[in-house]
Structure formats: C-alpha cells, structure tokens
Amino acid sequence: MTLWPEEFAARYREAGYWTGEPLDLMIRRHAAERPGRIAVTDGERHWSYAELDRRADRLAAGLLARGLRRGDRIVLQLPNVAEFFEVFFGALRAGVVPVMALPAHRRAEISYFCEFAEARALFVADRHAGFDHRELAAEVLAAVPSLGEVVVVGDPGRFTPIEELRAEPAPVADPPTAADLAFLQLSGGSTGLPKLIPRSHDDYLYSVRESAAICELTPASVYLCALPAAHNFPLSSPGTLGVLHVGGRVVLAPEPSPATALALIERERVTITGVVPPLALAWADAAARGGHDLSSLELLQVGGAKLSEEAARRLGPALGCRLQQVFGMAEGLVNYTRPEDSEETVLTTQGRPISPADEVRVVDDEDRDLPDGEHGHLLTRGPYTIRGYWNAPEHNARAFTADGFYRTGDIVRRTPGGHLVVEGRAKDQINRGGEKVAAEEVENVLLAHPAVHDVAVVATPDEYLGERSCAYVILRPEAPRPRAAELRAFVRAGGLADYKVPDRVEFVVEFPHTGIGKVSKKDLRSTAR
Ligand code: OOB
C-alpha cells in the first residue's frame, strides 16, 4: 500500500522530515542509553525504559508466535494503563497494525473496527469506568469472523490474559520499514461510518519530533496523559510519544477529573499536559480553590475544540503556567501557538502549522484561494497529513482534492502572521467538548426506530462543553409517540458510545429546507439556539 505519491515521499525524505526510523526505536535507544530512567508511571507502577523495551520485545514475539504477521491488524481498546504502551510498541515492532479505539467506544464502533479492519485480535481491559469490556468483547467475537481472540489486561474471564502474549523475545523475521503503515487512527468523522486514518512510522515520527521541539521538551519533561491515550492529541502533540522520544516521563491519569489530575500534577511534579477546553476550565476552577502545589507545571496545552478568548485569559493565571493553543486533527495537520508568540496571539489564535512544508489553503466554496483575513475552508497537504482514508476510495474522492489536499471541514481565517483562527465548521459534525460526533452516524441509528420518520442531528451551543447535540425528529403519524428518553435509550442500545447519545430530542412536524430542497441544518441550528 503506498501512502504518499513517490514524488512527495522522496521530497520529504530529502528534506530530512522522514528519517526512515521506525517509531518504536525511541524506546530501544533510551533503553540502551538511560535504561533505569522511568518511562511510564501508572499509579504505583513505574516502568523504566529498559522494562518498556523488554516488554515490547516480548509482546512482539507473542503476537508473532500466535501467527500474526506484518500488516495484520489488531484493535487496541485500552484505557490509560501502562500496558497501552506495551501493546502499542510491541505491535509496531512486529509490524502488526493497531486500530486506536477509544475506551468510550461500544458495540457498534468496536465491531465495525474489527470487521472493517479484519482485525485478528481485540485488546481490552477487564473493566473500566464501570463497564465490563469482556462482555462487549464476547458479542464482538461472536459476530466478527476474522477475530481470532480477545486479549485482556486484568481479570481475563474466559479470554486470553495478556500474560500469555509475553513470549521469549526473538528477532522479528520480517520487520516493518518506516514507510509502512504503523497504525490506524480514527477520524472524528462526518459520515455514517467512522473512517480509519493510515499513519506511517515516517510521517508520525516527524510530527512527534517537531512537536517535542516546538514545546521545548527535555528529558526532564513529565507529561500528564489525562485524555484517552489513543487520541492523536495526547499521543503525538507532542503527547506521550513526544515525551518518550526525548527520554522524559509519562504519567497516566486513570480519568481526568480535577481531583485526580491536580493531585497527580503535585505528586509527580508534572511539567506539561494537554486537555480539551471544558477540562481546562474545570481544572482552573479547582486550582483556584487551592490546596494543590502546581508549581511544577510549565505548560498547559488546550485543543480539540475552540477555546474562547475569555476562557483563554483565565487559564494561565489560574494554573500558574503558560498556555498553548493546539488545533490539530488525527488526519495530520497540527497547529501550535509558540513560546515566542505574543500574548495576544496565544489568547486569540489556534496557532500555526508544525512544518514549513505544511501547505495550507483557505478557499471559498469553489476552491478558489482567499486572501488572509477572510473566512474559508481549510485545505491542507504536507509531510504528515494523509492522502486518503484507509480503503475508502469513494469517500476519498470527496474528502481530498484531485491534487491531494485534505478537506478538513473547518472554516478558518489566516492572520497576517500566518496563524489560524478557527471560525466554524462546514462538516456535519458536533464537537462535544473535543469529542467528535458524526451527525449521520446517530441519524442512521434513530432512523431504524419504528416511530421515526426523519431525523436531523445538529449542534447546539453549550456554556460548558462548547456544543451539545440535539436530534430533531419527525414522527410517523400512525406510530405511538415515543418519549425523548426512549429515543436516547434507543441510540445507546444501538451500541453507540455514550457521548454520541443526543443530549436533547425535539419533535417537529417538518424541517426547514434550503433553496434546493435539502434539510437546512443551518436553520435548525439557529432554531436550537
Ligand atoms: C483533534 O483531533 P480530532 O481528529 O479528534 O478532531 C479534529 C477536529 C478539527 O478538524 C477541528 O474541527 C477540531 O477537531 N479542533 C479544533 C481545535 N482542535 C481541534 N477546533 C477549534 N479549535 C481547536 N483548537 O482534536 C486534535 C488532534 C491533535 C491535536 C489536537 C487536537
């Protein structure tokens, strides 16, 4: 599978962006140079670089011993536990490709990932956040023929304990190259089915390396991973991989509440962390109440959803650290405000791209370039932005221009200094405090309800989350009228993650229409407001 046109790949190699180094080599290198230094802290467990390296070797051997081969897929659905990195690096070392599922995903998402990626194995925790992942895994295993086994961290029940995958380390006969697909990230999505994002070792390592430099990480850096570890922001911007790349330490938070996070910042002397806007504000409120020594914290990164200027002004003073805005996407492009930026820029923009080779266009509805300062669609191409989703040719024809620019679906303007300001969104998505909900995915589930004639899911403004979701429903006249709560339960029973369940359900007799007769979500959004 070629991920970039050869002409571009050659250019990115020549420029030194792609170094030909596989992602897991960072662990091997630090294990040799500073074996005893702690790489990952998970509660009372502290894994050194040497230990993480050994564990990755053993897991790679275990995967291969079970018959998995370079290029085979697994679905990785682990919460923020140390084993996340054992499986991630172990799989990469064996050339096995993880699909980076989130702990919040449920039957609909997990079975789809397993089926679509033809995954050979599913890695889960026994229980997390009050949910038994083994029960879900049993359903998925029964439904997906490719899936050979479920591997469990914790009490395995009737499945394979992860201990069984820790084999005697052995050289990998057919090791992956840096140009290979390393893993599949998940798209926030705007379509009925989530899309998989093919990231290579070369492209991802470049974004991690540059992100670490932009954020001035050093071996003394301690990163608190409070968001789900699999998400692109805490994984690579610069995130856990950025810190591991420079030989620093990752501290895992089991959940991101202010009580847990602030206590960990104090106890582990955390220097940097990345969060979504609602979390940042909740932490700031808790910090203002006092009781925690947060003096180690140097940088608070906020991204995943728009941070208002008012909120931005409060955060630094409340937490006693610098603020950085991060505007990124799992498809690639990541923008940061920089240490040398003026305060105004940090408070009012979402940063500028990582790389001089990031090509950014702001265009009108006909793909014509707009001058700086005007709002338009953000298109981008570059050394770590994908050229297409995995096995999705029809969708790719719409989501990318003919010359390979990704249509981000974001509406932005560019300042004269080259910083981007996110002004809105053209994609049919709800950004619920950083968690992305594809309207069509929820609509499809609701349309299967016998009482539902038609449905449109839109974003409504929310003080805390930025946006919440509202489902406008037209009922069938002949059917018994369901209550809103019943329809919400129906979405949950459909197997979708909790954050996709509409926050509100409104019954209407018709939808507003656009000039050409399509449902006008724009008008529905203003009604909701
Ligand atoms: C990050 O990645 P995704 O893939 O979950 O979501 C990407 C989308 C962007 O296209 C944009 O619509 C929105 O999330 N977004 C922001 C934003 N950061 C992301 N909208 C406004 N302001 C921001 N600062 O969310 C992600 C990936 C890597 C780093 C940071 C965030």
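Just so you know, ligand 1 is whichever comes first in the structure, and atom 1 is the first atom listed for that ligand. Because only heavy atoms are used, hydrogens play no part in the values below, and waters and symmetry mates are left out as well, while side chains stay in.
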Assess whether a salt bridge exists between Glu109 and Lys500, defined as any Lys/Arg side-chain N lying under 4.0 Å from an Asp/Glu carboxylate O.
yes
Are Tyr384 and Tyr12, when compared by the centres of their aromatic rings, separated by less than 6.0 Å?
no
Please, which pairs that meet salt bridge (Lys or Arg N to Asp or Glu O under 4.0 Å) have at least one residue in residues 379-397, sequence neighbours excluded?
Glu359-Arg381
Pairs in or reaching into residues 397-433: which pass ring pair (Phe, Tyr, Trp, His ring centres under 6.0 Å), with residues at least two apart or in two chains?
Tyr389-Phe400, Phe400-Tyr406
Side-chain polar contacts of residues 371-378 - donor-acceptor pairs under 3.5 angstrom, sequence neighbours left out - could you list them?
residue : atom : partner : partner atom : Å
Asp372  : OD1  : Arg414  : NE           : 3.1
His377  : NE2  : Asp365  : OD1          : 2.7

Applying a heavy-atom distance cut-off of 4.0 Å, which protein residues contact ligand 1?
His231, Asn232, Phe233, Ser237, Gly303, Gly304, Ala305, Lys306, Val326, Phe327, Gly328, Met329, Ala330, Gln350, Asp410, Val422, Lys427, Asn431, Lys436
So does Asp369 pair up with Arg361, basic N to acidic O under 4.0 Å?
yes
